[in-house]
Amino acid sequence: MPAPVNTFKAALKNNDVQMGCWVGLADPYVAEITASAGFDWLLIDCEHAPNDLRSMMAQLRVVEASDSKPVVRLPIGDTTLIKQFLDAGAQTLLIPIVESKAQAEELVRAVRYPPQGMRGVGSALARASGFSAIPDYLKTADAEICLLLQVENRAGLAELDGILSVEGVDGVFIGPADLAADMGHIGEPMHPDVVATITDALTRISSAGKAPGILTTNADFAATCLKLGSLFVATSIDVTLYAAAIRKAAEASRELRITLSAE
């Protein structure tokens, strides 16, 4: 029996557009609600959300049980963390702050078993192998791992062609917020210079045969990115959706109190 099929990776290979949502509330109960909403993929964020290995794994379980495909963003491209997250069952990883071809090559090696890579062989202990219930896991796992690299500054963009040339990189995600800050437009991801840089990068990623990805809550820009060939696009963030909704509810309750007090 082989490793589980990574349906997200298969979708990207088939050029099937995947629409997603950022999951940053760091709670499996909330993640389960989000997983029932109907997004194609959900990003469990361990970079900017208060997640560790165990909280990520709890959310991974509930997303896996849904029709949404889980993607996990690590806090950093550390080979030890990658090993642990893969053993915990994550099959699609998004690695932030990638800035060179050499770094991309190292990350490819980190998600593969020897002799092609350097992932530690501890599958007997791992959730990824069904705790040794998948006899062919070691021989089939590499093919089902999806590696997405996040390019989010000028240094990474300067090396983008080299990064795109690395075999084993499945997709490249452009980070608008960090890129805008690095370009001198912090808090302005829709600045014309930033938008022009992003659209150029997405075009280059698509032309190289890799899957382009992005997060944007701007519907018009999301449509532009899709027209440029983006294959995995997140358009919502659970934290901001909840914050906006609960603030609106609180405002409505205050207005009700004021209205009744005036009568």
Problem set entry | Polar side-chain atom of Thr140 near backbone of Pro2 as donor-acceptor pair, under 3.5 Å | no
Exercise. Taking Ser207 for the side chain and Thr203 for the main chain, is one N or O donor matched with an acceptor at less than 3.5 Å?
Worked result: yes
For this session: Verify, without hydrogens or angle tests, whether Glu144 (side chain) and Asp142 (backbone) share a donor-acceptor contact under 3.5 angstrom.
Result: no
Problem set entry | Flag, side chain of Ser68 to backbone of Leu42, donor-acceptor distance under 3.5 Å | no
Exercise. Is a side-chain N or O of Trp41 found less than 3.5 angstrom from the main chain of Gln18, in a donor-acceptor match?
Worked result: yes
Exercise. Nearest 0.5 Å, what's the CG-SG distance between Leu94 and Cys146?
Worked result: 9.5 Å
For this session: Check the surroundings of atom CG in Asn218: do more than 12 heavy atoms from other residues, nucleotides or ligands lie under 6.0 Å from it?
Result: yes
Exercise. If you measure from the Lys or Arg side-chain nitrogens to the Asp or Glu carboxylate oxygens, is any gap between Arg154 and Glu159 under 4.0 Å?
Worked result: no
Seminar exercise, completed: The reported gap from CG in Leu228 to CG in Leu202 (rounded to nearest 0.5 angstrom) is 6.0 Å
Exercise. Hey, any chance Val169 and Tyr113 share a hydrophobic cluster, counting ILVMFWY side chains that come within less than 4.5 Å of each other, even indirectly?
Worked result: no
For this session: Please check if Met183 and Phe173 belong to a single hydrophobic cluster, counting links between Ile, Leu, Val, Met, Phe, Trp and Tyr side chain heavy atoms closer than 4.5 Å.
Result: yes
Exercise. Would the number of heavy atoms belonging to other residues, nucleotides or ligands and lying under 6.0 Å from OH of Tyr242 be above 12?
Worked result: no
For this session: Report yes or no: does Thr224 contribute a side-chain atom to a donor-acceptor pair with the main-chain N or O of Asp220 at less than 3.5 Å?
Result: yes
For this session: Measure the spacing between OG1 of Thr217 and CH2 of Trp22 and express it to the nearest 0.5 Å.
Result: 12.0 Å
Exercise. Are there more than 12 heavy atoms of other residues, nucleotides or ligands under 6.0 Å from atom CD1 of Ile33?
Worked result: yes
Exercise. Judged by modelled atom types alone, do Gln59 and Asn51 share a side-chain donor-acceptor pair under 3.5 Å?
Worked result: yes
For this session: Keeping the roles fixed (side chain from Asp200, backbone from Ala196), state whether a donor-acceptor pair exists under 3.5 Å.
Result: no
Exercise. In the single-linkage hydrophobic clustering (I, L, V, M, F, W, Y; side-chain heavy atoms under 4.5 Å), do Leu43 and Val30 co-cluster?
Worked result: yes
Exercise. Looking at NE2 of His191 and OG1 of Thr197, how far apart are the two atoms once the value is rounded to the nearest 0.5 Å?
Worked result: 10.0 Å
Exercise. Any donor-acceptor pair under 3.5 Å linking the side chain of Gln103 with the backbone of Glu99?
Worked result: yes
Exercise. Can you tell me how far CZ of Arg73 sits from CD1 of Ile95, rounded to the nearest 0.5 angstrom?
Worked result: 10.5 Å
Problem set entry | Whether Asp40 side chain and Met19 backbone form a donor-acceptor pair below 3.5 Å | yes
Exercise. Does a side-chain N-to-carboxylate-O contact under 4.0 Å join Asp87 and Lys83?
Worked result: no
Exercise. Phe8 vs Phe232 aromatic rings, parallel, tilted or perpendicular, using cut-offs 30° and 60°?
Worked result: perpendicular
Problem set entry | Donor-acceptor pair, side chain of Asp45 and main chain of Gly24, under 3.5 angstrom | no
Problem set entry | Carboxylate-amine/guanidinium proximity below 4.0 Å for Asp170 and Lys210 | no
Problem set entry | Pair Gln91-Lys9, side-chain donor/acceptor within less than 3.5 Å | no
Problem set entry | Neighbour count above 12 (heavy atom, 6.0 Å) for Ile76 CD1 | no
